[in-house]
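Some notes on the structure that comes next.
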There are 2 protein chains.
Amino acid sequence: MCQLLGMNANTPTDVMFSFTGLATRAEEHKDGFGIAFFEGHGLRHFVDHHSARHSPLAELVKHYPIKSGNVIAHIRKATQGQVSLENTHPFQRELWGRYWVFAHNGNLVDFHPRLHAAFRPVGQTDSERAFCWLMQELAKAHAAVPSIEELSRTLAELLPQLNRHGTFNMLLSNGQALWAHGSTHLHYLLRKHPFGAVHLKDEDLSVDFAAQTTTQDRVAVVATEPLTRDEPWVAFAPGELKVFVGGAPLPI
Amino acid sequence: MCQLLGMNANTPTDVMFSFTGLATRAEEHKDGFGIAFFEGHGLRHFVDHHSARHSPLAELVKHYPIKSGNVIAHIRKATQGQVSLENTHPFQRELWGRYWVFAHNGNLVDFHPRLHAAFRPVGQTDSERAFCWLMQELAKAHAAVPSIEELSRTLAELLPQLNRHGTFNMLLSNGQALWAHGSTHLHYLLRKHPFGAVHLKDEDLSVDFAAQTTTQDRVAVVATEPLTRDEPWVAFAPGELKVFVGGAPLPI
């Protein structure tokens with residue numbers, strides 16, 4: 001199974017600590033990794049078909065503090081599609097003059113949607129097919145970029161149609177919000193004042209967020225499994241969709 | 001003026017040497033840089049709104065030998081659009097299940113094409129508008145991915161319509177070929193057997209390609225200005241379009 005990491009914050013924040021925790025799990029998830037950082041409307045998008053444990057790109061991400069309001073990362077254990085760059089999550093497309101980024105954990109069986117519009121998969125994964133179908137259906141549902149609330153309602157109608165085909169833990173962002181859909185394994189955490197010291201579950205590493213933050217900062221972190229030992233991670237219910245804006249969940 | 005670098009090869013080749021030459025020119029072109037590497041259908045795409053002289057990402061590109069058949073790089077001196085990540089070349093879109101990458105050097109005046117299809121600019125540059133228009137017109141001209149020859153004929157009709165608006169030195173690739181259009185400043189070079197030692201123009205750095213290549217290797221390099229001192233660079237004529245496949249130019 002692949003592992004997902006998402007971050008949404010009200011102040012540009014780096015994910016060096018969380019990504020280090022994720023990369024530790026890459027021994028078993030060795031078929032590539034990817035991470036996308038929104039900076040305003042712009043996007044940095046790193047993919048490598050080498051393990052996040054050994055990739056020079058992953059080293060850069062662990063040590064270069066890229067500050068972002070929305071991040072999606074993924075480490076891959078291939079289920080469908082060969083190990084190659086075009087099959088490495090997250091995937092990226094443009095819609096309504098905004099970049100969209102998508103990563104998926106799970107496996108969709110017999111999922112071959114009719115893709116008749118402007119979004120076609122480049123690789124061979126069920127995940128990229130699902131992303132292209134989502135983009136196509138969003139484009140059909142709205143003439144121009146709608147509000148976060150409207151997008152969330154449309155996604156709440158579309159995502160169960162994907163979930164029906166198998167396991168569909170998913171992260172999606174357009175730089176304004178982070179949408180997360182839980183199917184089997186997905187957790188989230190809200191970090192806000194008062195911040196304290198936290199410890200990674202998988203590695204002997206801790207960080208004191210109090211030293212790096214202000215009382216106004218809010219950060220939401222989404223991950224397949226909780227990344228830290230001492231924080232109140234919440235499990236997604238099967239089929240649950242959440243949208244995070246400015247580091248906090250919005251009602252859908 | 002911005003600076004372009006393109007590479008097309010019949011064997012996956014790194015561009016550490018040429019990119020180092022390009023980055024040396026970044027003192028004056030300090031408004032960001034970007035580089036895209038095709039690996040099969042897959043794509044690595046690095047952008048930074050910091051100068052290629054100081055960016056940790058640029059350091060990675062200079063020292064991590066990413067082997068690719070098609071590369072497009074760009075260092076930017078802003079003419080239109082603010083200095084930000086979404087205005088940093090090269091730009092990327094998907095069409096017909098292939099990624100397309102585009103970089104532009106020059107300035108298009110009063111260029112506000114009607115963009116009514118699936119390609120919208122995310123940033124504010126004339127360049128990204130031109131790319132979106134090109135993708136839109138290619139999508140209209142062909143129902144699915146056509147041959148390189150057909151694509152080249154369509155581009156030969158479209159590019160003069162852009163060139164009419166100003167300076168339009170351009171690189172475009174879909175991972176199968178590298179198209180280069182010269183308007184004012186663009187040069188190319190064909191490297192093949194027998195390979196020898198070459199020296200960068202802007203920096204005291206040389207490389208002996210004979211030690212790294214086989215007699216079968218062919219590489220085409222395109223750059224705004226010649227990057228090396230001792231090789232036969234050829235200037236593009238104004239309005240000239242060339243397409244490189246497997247390290248050699250194809251007739252159009």
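So you know, we letter chains A, B, ... as the sequences are listed, proteins then strands, and number each from 1.
You'll find the ring centres of B:Phe131 and B:Phe119 outside the 6.0 Å limit. Here B:Phe37 and B:Tyr64 keep their ring centres 6.0 angstrom or further from each other. The distance between the ring centers of A:His104 and A:Phe168 falls below 6.0 angstrom.
The residue among A:Ala118, A:Pro121, A:Gly42, A:Ala139 with the most heavy atom pairs within less than 4.5 Å of chain B is A:Gly42.
Using a 4.5 Å cut-off between heavy atoms, A:Asp48 contacts chain B through both its backbone and its side chain. Of the atoms belonging to A:Leu43, it is backbone heavy atoms, and not side-chain ones, that fall under 4.5 Å from chain B. Heavy atoms of A:Phe46 lying under 4.5 Å from chain B belong exclusively to its side chain. For a residue to count as touching a neighbouring chain, one of its non-hydrogen atoms must lie under 4.5 Å from one of that chain's; by this rule A:Arg93 touches chain B with the side chain only. With a threshold of 4.5 angstrom between heavy atoms, A:Pro56 approaches chain B through its backbone and through its side chain. Using a 4.5 Å cut-off between heavy atoms, A:Glu128 contacts chain B through its side chain alone, with no backbone atom that close.
Distance alone, capped at 3.5 Å, is enough to place a donor-acceptor pair between the B:Gln136 side chain and the B:Arg114 backbone. When atom types are taken as modelled, the side chain of A:Asp14 and the backbone of A:Pro65 share no donor-acceptor pair closer than 3.5 angstrom.
For the residue pair A:Arg53 and A:Thr24, the shortest heavy atom distance occurs at NH1-O, 2.8 Å.
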